[in-house]
Amino acid sequence: MYEIKFIKGDDHVVEYEVTGFGEIEKAYLTVKCVERIARIKKNINNGIKISENIIRVSFTPEDTNDIPWYLEMVYDLEIISEGKKRTIIKDKFTLEEDITTPEDEGDA
């Protein structure tokens with residue numbers, strides 16, 4: 001339903017419409033593998049922007065370069081609004097195999 005899925009090493013953006021929580025003071029998105037090791041951490045100072053009731057999370061190639069594409073991962077999006085912490089989304093995080101790798105991008 002809210003699975004994040006894109007190709008390893010690509011830029012990618014996901015947006016969530018969030019209503020009914022009041023003003024969002026903080027937001028965190030964390031991606032962990034099965035062993036519960038954090039692989040990606042996003043917050044308002046690093047990849048998350050909030051505009052009115054839209055939370056926009058940006059991923060860069062650097063976020064996924066060191067993560068094997070075949071790892072089973074999950075993520076959640078947590079917000080703090082009106083002093084209360086709420087996990088509003090939790091689902092799978094899937095990287096697909098990158099065929100054209102940075103090594104292939106050199107000019108021949």
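Heads up: numbering here begins at 1 and tracks the sequence.
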Are any side-chain N or O atoms of [X] and backbone N or O atoms of [Y], one a donor and one an acceptor, separated by less than 3.5 Å?
| X | Y | value |
| --- | --- | --- |
| Asp76 | Lys90 | no |
| Glu25 | Glu82 | yes |
| Thr87 | Glu78 | no |
| Lys8 | Ile67 | yes |

*Per the side chain to side chain contact (heavy atoms under 4.5 Å, CB included) rule, which among Ile4, Ile40, Leu71 passes with Val31?*
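It is Ile40; the other options fail the test.
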_Tell me which one of Ile79, Leu77, Leu29 satisfies side chain to side chain contact (heavy atoms under 4.5 Å, CB included) with Ile89._
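Testing each of Ile79, Leu77, Leu29 against Ile89, the sole residue satisfying side chain to side chain contact (heavy atoms under 4.5 Å, CB included) is Leu77.
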Going from [atom1] on [X] to [atom2] on [Y], what distance comes out if it is rounded to the nearest 0.5 angstrom?
| X | Y | atom1 | atom2 | answer |
| --- | --- | --- | --- | --- |
| Ile50 | Ile55 | CD1 | CD1 | 5.0 Å |
| Met73 | Glu35 | CE | CD | 11.0 Å |
| Glu72 | Lys92 | CD | NZ | 8.0 Å |
| Glu52 | Ile24 | CD | CD1 | 11.5 Å |
| Ile7 | Leu95 | CD1 | CG | 10.0 Å |
| Tyr70 | Glu97 | OH | CD | 10.5 Å |

Within a strict 4.5 Å, meaning less than it, do heavy atoms of the [X] and [Y] side chains meet?
| X | Y | value |
| --- | --- | --- |
| Ile54 | Val18 | no |
| Thr94 | Trp69 | no |
| Pro61 | Asp10 | no |
| Ile88 | Tyr16 | no |

Taking every non-hydrogen atom, the tightest pair across [X] and [Y]:
| X | Y | value |
| --- | --- | --- |
| Asn65 | Gly9 | OD1-CA, 3.9 Å |
| Ala27 | Ile48 | O-CD1, 3.6 Å |
| Lys41 | Asn46 | O-ND2, 3.0 Å |

*Would you find more than 12 non-hydrogen atoms of other residues, nucleotides or ligands less than 6.0 Å from Glu23 atom CD?*
no
*Do other residues, nucleotides or ligands put more than 12 heavy atoms under 6.0 Å from Asp66 CG?*
no
*What about Phe93 and Phe6, are their ring centers closer than 6.0 Å?*
yes
*asked:* What verdict does the side-chain contact (heavy atoms from CB on, under 4.5 Å) test give for Lys5 and Glu96, after you've listed the backbone C-alpha separation in whole Å, the side-chain angles of each residue and the deciding distance to 0.1 Å?
replied: CA-CA 7 Å; Lys5 185 175 186 177; Glu96 295 181 324; 2.9 Å; yes
*Will you find, in the side chains of Arg86 and Ser81, an N or O donor that is under 3.5 Å from an N or O acceptor?*
yes
*Checking side-chain contact (heavy atoms from CB on, under 4.5 Å) for the pair Tyr28/Ile44: CA distance, chi angles, key distance, verdict?*
CA-CA 7 Å; Tyr28 305 96; Ile44 291 177; over 6 Å; no
*Using a strict cut-off of less than 4.0 Å between a Lys/Arg side-chain nitrogen and an Asp/Glu carboxylate oxygen, indicate whether Arg39 and Asp63 qualify as a salt bridge.*
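A salt bridge is absent here (no side-chain N lies under 4.0 Å from a carboxylate O).
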